[in-house]
Visitor: 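My questions all concern the structure below.
Please read all numbers here as calculations on a predicted model, not as lab measurements. Quick note: residue numbers are just sequence positions, from 1.
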Amino acid sequence: MNFIFHQGKPAAPVLVLLHGTGGDERSLLDLGHDLDPQASLLGIRGNVLENGMPRYFKRLAEGIYDEEDLMFRGQELAAFIQEVAKEKGFSIEQVVLVGYSNGANIALNLLLEFSALFQKAILYHPMYPVSKLPNHLLAQTNVFMSLGLKDPIVSVEDSKYVQAIFESRGAQIEYVWTPSHQLTYQEVEKSRKWLEKAD
């Protein structure tokens, strides 16, 4: 997988930056610096192309996931992050997943399917219309989410479904409602303050 790694302070978090559709491994670097100037940053490019645009997994149509590919790509990404951790000398316990849109969706997959490994995340405008979800509790999982009131991609109903996934499994969640799907200063600032408390 294509990636970029910026070494931060050894004891600081490692922010795994997962872009939206059409982004790449550099897309969220500035955001990562804003969230924590001392953090290490690991930007990873999605391995799937949709109309020439990088994504993290295939979809069958707008809002309809190829669930088999999602699970495969989630396993692939989890293994890759563990490989980079060994290579760069950081602990998986330091990892905070930071995903926007499609990146938030694959991060959500990692939180659910690899909950023993990945337990902290910032999810900007996630959606997860997946039929089969694991039933285990997520009491150790700590998540910040931003959700759009008039998001043209993720409906309020879809956003509340994501909330319910975490709430029903006992995760610690903090969330903010924003106007649409675009990142705002408000949600970045709130997620930065959340990250300070979550460290």
Visitor: Please tell me if the side chains of I173 and N142 come closer than 4.5 Å, counting only heavy atoms from C-beta onward.
Guide: no
Visitor: Salt bridge (charged side-chain N to carboxylate O under 4.0 Å, His left out) with E174: which of K193, K190, K120, K197?
Guide: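 When salt bridge (charged side-chain N to carboxylate O under 4.0 Å, His left out) is applied between E174 and each of K193, K190, K120, K197, only K197 qualifies.
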Visitor: What's the shortest heavy-atom distance between L49 and P54, and which atoms?
Guide: CD2-N, 3.7 Å
Visitor: To the closest 0.5 Å, what do you measure between CG (L70) and CZ (R59)?
Guide: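 It comes to 12.5 Å.
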Visitor: Would you say the side-chain atoms of Q119 and T141 include a donor-acceptor pair closer than 3.5 Å?
Guide: no
Visitor: Ignoring hydrogens and geometry, is there a side-chain-to-backbone donor-acceptor pair from N102 to N105 under 3.5 Å?
Guide: no
Visitor: Taking the side chain from E196 and the backbone from R192, do they hold a donor-acceptor pair closer than 3.5 Å?
Guide: no
Visitor: If Ile, Leu, Val, Met, Phe, Trp and Tyr residues are connected whenever their side-chain heavy atoms lie under 4.5 Å apart, and connections chain through other members, are Y128 and I122 in the same group?
Guide: no
Visitor: Could you check if a side-chain atom of I44 sits within less than 4.5 angstrom of a side-chain atom of V16, using non-hydrogen atoms only?
Guide: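 I44 vs V16: side chains touch.
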Visitor: How long is the span from the CG atom in D34 to the CG atom in L29, to the nearest 0.5 Å?
Guide: 11.0 Å
Visitor: Would you check if the side chain of S101 reaches a backbone N or O of G20 as a donor-acceptor pair within less than 3.5 Å?
Guide: no
Visitor: Apply side-chain contact (heavy atoms from CB on, under 4.5 Å) to N135 and L133, showing your working.
Guide: CA-CA 6 Å; N135 292 320; L133 300 175; 5.7 Å; no
Visitor: Quick one: do E62 and I153 satisfy side-chain contact (heavy atoms from CB on, under 4.5 Å)? Show the steps, please.
Guide: CA-CA 8 Å; E62 186 79 39; I153 298 172; 3.9 Å; yes
Visitor: Which heavy atom of T178 sits nearest to which heavy atom of S146, and what is that distance?
Guide: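 In this case the closest contact between T178 and S146 is CG2-CB, 4.3 Å.
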Visitor: Taking the side chain as C-beta and beyond, is there a heavy-atom pair between L108 and L123 under 4.5 Å?
Guide: yes
Visitor: Would you say L31 ends up clustered with V96 if hydrophobic residues are merged whenever their side chains have heavy atoms under 4.5 Å apart, either directly or through other cluster members?
Guide: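 Yes, one cluster joins them.
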Visitor: Could you state the interatomic distance from CG (L41) to CZ (R26), rounded to the nearest 0.5 Å?
Guide: 12.0 Å
Visitor: Answer yes or no: is there a side-chain heavy-atom contact under 4.5 Å between L110 and L112?
Guide: no
Visitor: To the closest 0.5 Å, what do you measure between CD (Q140) and OG (S115)?
Guide: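 If I round to the nearest 0.5 Å, the distance is 9.5 Å.
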Visitor: Using a 4.5 Å cut-off on heavy atoms from C-beta on, say whether the side chain of N47 contacts that of R73.
Guide: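 Counting from C-beta outward, R73 and N47 do come under 4.5 Å.
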Visitor: List the steps, then state whether side-chain contact (heavy atoms from CB on, under 4.5 Å) holds for M1 with L77.
Guide: CA-CA 9 Å; M1 299 181 84; L77 182 58; 4.0 Å; yes
Visitor: Excluding sequence neighbours, so at least two apart, what forms salt bridge (charged side-chain N to carboxylate O under 4.0 Å, His left out) with E25?
Guide: R45
Visitor: Which heavy atom of A39 sits nearest a heavy atom of A12, and at what distance?
Guide: CA-CB, 3.9 Å
Visitor: Classify the ring geometry between F144 and W194 as parallel (under 30°), tilted (30 to 60°) or perpendicular (over 60°).
Guide: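 The arrangement is tilted - the two ring planes meet at 30° to 60°.
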Visitor: Could you please spell out the steps behind the side-chain contact (heavy atoms from CB on, under 4.5 Å) verdict for E87 and F5?
Guide: CA-CA 11 Å; E87 178 186 324; F5 183 76; over 6 Å; no
Visitor: Among residues at least two apart in sequence or on other chains, which ones pass salt bridge (charged side-chain N to carboxylate O under 4.0 Å, His left out) with E68?
Guide: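 Residues passing salt bridge (charged side-chain N to carboxylate O under 4.0 Å, His left out) with E68: none at all.
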Visitor: Taking side chain as C-beta onward, heavy atoms only, is L147 less than 4.5 Å from V154?
Guide: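 Result no, sub-4.5 Å side-chain heavy-atom pair not found.
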Visitor: Using the ring of each side chain (for Trp, its six-membered ring), is H181 parallel, tilted or perpendicular to Y100, with breaks at 30° and 60°?
Guide: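 Tilted, since the angle between the ring planes falls between 30° and 60°.
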Visitor: Would Q94 and S91 count as a side-chain hydrogen bond (donor to acceptor under 3.5 Å, both in side chains) here? Give the steps.
Guide: CA-CA 5 Å; Q94 292 174 264; S91 167; 4.9 Å; no
Visitor: Taking a hydrophobic cluster as the set of Ile, Leu, Val, Met, Phe, Trp and Tyr residues connected by side-chain heavy atoms closer than 4.5 Å, whether directly or through intermediates, do L17 and V143 fall within one such cluster?
Guide: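 No.
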Visitor: Would you say the rings of Y56 and H19 are close, in the sense that their centroids are separated by under 6.0 Å?
Guide: yes
Visitor: Name all residues meeting the salt bridge (charged side-chain N to carboxylate O under 4.0 Å, His left out) criterion together with R169; count only those two or more places apart in sequence or in a different chain, and write none if there are none.
Guide: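 Salt bridge (charged side-chain N to carboxylate O under 4.0 Å, His left out) list for R169, sorted by chain: empty.
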Visitor: Can you see which heavy atom on W177 is nearest to which on G148, and at what distance?
Guide: CZ3-O, 3.8 Å
Visitor: First locate atom CG of N2, then atom CD1 of I4, and finally report the distance between them rounded to the nearest 0.5 Å.
Guide: 10.5 Å
Visitor: For Q182, enumerate each residue passing the side-chain hydrogen bond (donor to acceptor under 3.5 Å, both in side chains) test, keeping only those at least two apart in sequence or located in another chain.
Guide: none
Visitor: To the nearest 0.5 Å, how far apart are CG in L18 and OG in S27?
Guide: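 Here the rounded value is 11.0 Å.
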Visitor: With a 4.5 Å limit on heavy-atom distance, are the side chains of L15 and S40 in contact?
Guide: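 SC-SC contact between L15 and S40 ruled out.
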Visitor: Applying a strict under-4.5 Å side-chain criterion to I, L, V, M, F, W and Y, I'd like to know whether V48 and I81 cluster together.
Guide: no
Visitor: Aromatic rings Y65 and F57: how do their planes relate, parallel, tilted or perpendicular, breaks at 30° and 60°?
Guide: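 Because their plane-to-plane angle is over 60°, the rings of Y65 and F57 count as perpendicular.
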Visitor: On a heavy-atom basis, which atom in I92 and which in A85 lie closest, and how many Å separate them?
Guide: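 Heavy atoms of I92 and A85 come nearest at CD1-CB, 4.1 Å.
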Visitor: Are E67 and K132 ion-paired here, with the side-chain N under 4.0 Å from a carboxylate O?
Guide: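 Between K132 and E67 there is no salt bridge, as every charged N stays at least 4.0 Å from the carboxylate O atoms.
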Visitor: Take a 6.0 Å sphere around CG of D30 and say whether it holds more than 12 heavy atoms from other residues, nucleotides or ligands.
Guide: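 No, not enclosed.
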Visitor: Give the cluster check for M71 versus L138: same hydrophobic cluster or not, with ILVMFWY residues linked at side-chain heavy-atom distances below 4.5 Å.
Guide: yes
Visitor: Check for a donor-acceptor pair, side chain of D69 on one end and backbone N or O of K58 on the other, with a separation under 3.5 Å.
Guide: yes
Visitor: With sequence neighbours left out, what residues match M53 under side-chain contact (heavy atoms from CB on, under 4.5 Å)?
Guide: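 Applying side-chain contact (heavy atoms from CB on, under 4.5 Å) to M53 gives T21.
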Visitor: Specify the closest pair of heavy atoms between G74 and N109, including all atoms of both residues, with the distance to one decimal.
Guide: CA-OD1, 3.4 Å
Visitor: Do the non-hydrogen side-chain atoms of S191 and L35 ever get within less than 4.5 Å of each other?
Guide: yes
Visitor: Would you mind writing out the side-chain donor-acceptor pairs for residues 156-166 within the sub-3.5 Å range, not counting sequence neighbours?
Guide:
residue: D158; atom: OD2; partner: S155; partner atom: OG; Å: 3.2
residue: S159; atom: OG; partner: S155; partner atom: O; Å: 3.2
residue: Q163; atom: NE2; partner: Y175; partner atom: OH; Å: 3.3

